[in-house]
Amino acid sequence: MEFRHGAGVEEPCPVCGDKVSGYHYGLLTCESCKGFFKRTVQNNKKYTCAQSQSCRVDVSQRKRCPFCRFQKCLHVGMRLEAVRADRIRGGRNKFGPMYKRDRALKQQRKALIQASRFRIVSSPSLGSSTQQRDVTFTCGLHPVPILHCNPMQSHGISYQPPTLSSLLPSDSPGVQQYQCTSSSNWTIKSEHGNNSAAGFDSDELYSRHLPLRGLRMPQLVTEFVRCDPDEQQLQNKITARLLQEQTDCEKHGNPSSFGLMCLMADQTLFSIVEWARTSIFFKQLKVNDQMKLLHSCWSDLLLLDVISRQVLYGKEGSLLLVTGQEMELSDVASHAGVAGLIQRGQELVEKLHVIKVDRQEFACIKFIVLFNPDVKQLEDHRFIESVQEQAEGALLEYTLCTSSHVLGRFAHLLLCLSELRSLSALAEEYLYCKHLGGEVPCNNLLIELFHAKLGMNTQAPCECLQPHGGIKL
DNA sequence: CTAGCCTTGAGA
DNA sequence: TCTCAAGGCTAG
């Protein structure tokens, strides 16, 4: 039977990714997984896995290992008790109200996301912000005011960072079993309310006017936050690396503040790659897709890292660096070529600060940015799209729980994300000018990623896009 | 054994 | 009466 209820129709089967045909045994699945689950339970089948009980289950390989397929059915939340012991056909079971709630929730979420997107597309303020791009953007080579302490070397540094491809695992992680594949396993409320598949009570979604900060949040948000590195550890790590660079290169003349900033950005990019590499969902992607995603969004993530630090820990009027040091914003902004960028960045920080965006929301936004299904030639496009949808859904549910404004906060965050992307494009432009002026230290990840992105945009083959390619500058 | 299609029947 | 999630059937 075709699934004809509108909402959720585009969602893939959480077990194998095939087309969903309706609610079966607790959640939306495809016809084949429904049949497989029924046969297994009715006939009390016992399977064994010839491998390590972590076989990939997708449309093409679902027949290979029934053990792992059944494990995945249970993992995503299919209900044994929905298979009737008496085998009586027809009628309705006790899950009816649960399906109804889930459908309503999905529809609500879809409508809210669409409404938010519509607002973004039609927002005149955003249109103008993109048009405000500084066409007279100068490529001035004046040094950016330096930090208050620890001036560090940048010119002439024999800096040899690993390439992006060497930071990512060379083998395909695709063989790993998906660990958390469907939003269904935490959006469906169990019949009795206290034993939903992953602990999230969908009734909370309907009491969105109550301030629920501090109460249970969507499990996916918890998962996203768990992937985030500890700020203090990150600070220590990057400071140590930069100090090492400094001692290695003390003999190479006067330090350039811009070069120093590049090194800092470079180190931050390493930490971003490390974050992505070890994050839920991302580690399940093939290396080619991982590289394409990172090549596409590195500058957004880098800027998001800077901005989230200002919002969460920063002080007004100063720029808090990843090393914990502070710079006077007026000093930074006085530098030719970045004034517009700094001002808009500061406005964005202020907006996010006013609405008190928290770690949880930044964690979701990072996943929304990383899992961009618009990136060209992705192998696992459907999975990437579903992760972005799940991240958007998690953010929406979180904002519904924490804000009294149903759509306002979520829409506002997406608007800010749009502004972030616009700003990061501007920052790339600035970096490109600096690069042409020979001011960006060579052999750094920043430049590798920058060139990779240029290659993507022009659709020209770029060696940096190759999984095992190195830096060719 | 799989998976697409068919039949059934309680509840809205 | 209609819906749709159960179980059943069967070709491949």
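Within every chain, numbering begins at 1; the chains are lettered A, B, ... in the order of the sequence lines, protein sequences first and strands thereafter.
- Taking only side-chain nitrogens and oxygens, K45(A) comes nearer than 4.0 Å to OP1 or OP2 of dC1(B).
- OP1 or OP2 of dA5(C) lies within a sub-4.0 Å distance of a side-chain N or O belonging to R103(A).
- Taking atom CZ of residue R89(A) and atom C1' of nucleotide dT7(B), one finds them 4 Å apart after rounding to whole Å.
- For the pair H24(A) (side chain) and C33(A) (backbone), a donor-acceptor distance under 3.5 Å is absent.
- Using a distance-only test at 3.5 Å, with no hydrogens or angles considered, a donor-acceptor pair links the side chain of Q290(A) to the main chain of F282(A).
- Contact annotation: R87(A) does not reach the phosphate of dG9(B) (side-chain N/O to OP1 or OP2, under 4.0 Å).
- Toward the 5′ end of DNA chain B lies the nearest nucleotide of D18(A), the other residue of the pair D18(A) and G90(A) mapping further downstream.
- Contact check, Y99(A) against dG11(B): no side-chain N or O comes under 4.0 Å of OP1 or OP2.
- A salt bridge between D58(A) and R56(A) is present, with a side-chain N of the basic residue lying under 4.0 Å from a carboxylate O of the acidic one.
- In terms of position on DNA chain B, the residue among R62(A) and G91(A) whose nearest nucleotide sits closer to the 5' end is R62(A).
- Following rounding to the nearest Å, D102(A) (CG) and dA5(C) (P) show an atom-to-atom distance of 11 Å.
- Judged by the 6.0 Å and 45° rule, R69(A) forms a cation-pi pair with F36(A).
- Residue R92(A) places no side-chain N or O under 4.0 Å from the OP1 or OP2 atom of dA6(C).
- Proximity of Q42(A) to the phosphate of dG8(C): a side-chain N or O atom is located under 4.0 Å from OP1 or OP2.
- Atom-to-atom, CZ of R79(A) to C1' of dA5(C) comes out at 15 Å; the value is rounded to the nearest Å.
- E379(A) has no carboxylate O lying under 4.0 Å from a charged side-chain N of K292(A), or vice versa, which leaves the two without a salt bridge.
- The distance from atom CZ of R39(A) to atom P of dC5(B) is 15 Å, rounded to the nearest whole Å.
- The pair E81(A)-K94(A) does not meet the salt-bridge criterion, since no charged nitrogen lies less than 4.0 angstrom from a carboxylate oxygen.
- Listed nucleotides dA3(B), dC5(B), dG7(C) differ in distance to E31(A); the shortest reach to its side chain belongs to dC5(B).
- Taking atom CG on D86(A) and atom C1' on dG7(C), their separation rounds to 10 Å, with Å as the unit.
- With dG7(C), dA5(C), dT2(B) as the choices, the nucleotide that has an atom nearest any side-chain atom of K34(A) turns out to be dG7(C).
- Distance, L27(A) CG to dA5(C) P: 12 Å, rounded to whole Å.
- For N93(A) and dA6(C), the shortest distance from a side-chain N or O to OP1 or OP2 is below 4.0 Å.
- As rounded to whole Å, 18 Å separates atom C1' of dC1(B) from atom NZ of K46(A).
- Candidate nucleotides dC5(B), dA5(C), dC1(B) were compared by shortest atom distance to the side chain of Y23(A), and dA5(C) ranks first.
- Rounded to an integer number of Å, the gap from F36(A) CZ to dG4(B) P is 15 Å.
- Minimum atom distance to the side chain of K38(A) is reached by dC9(C), of the listed dC9(C), dA3(B), dT2(B).
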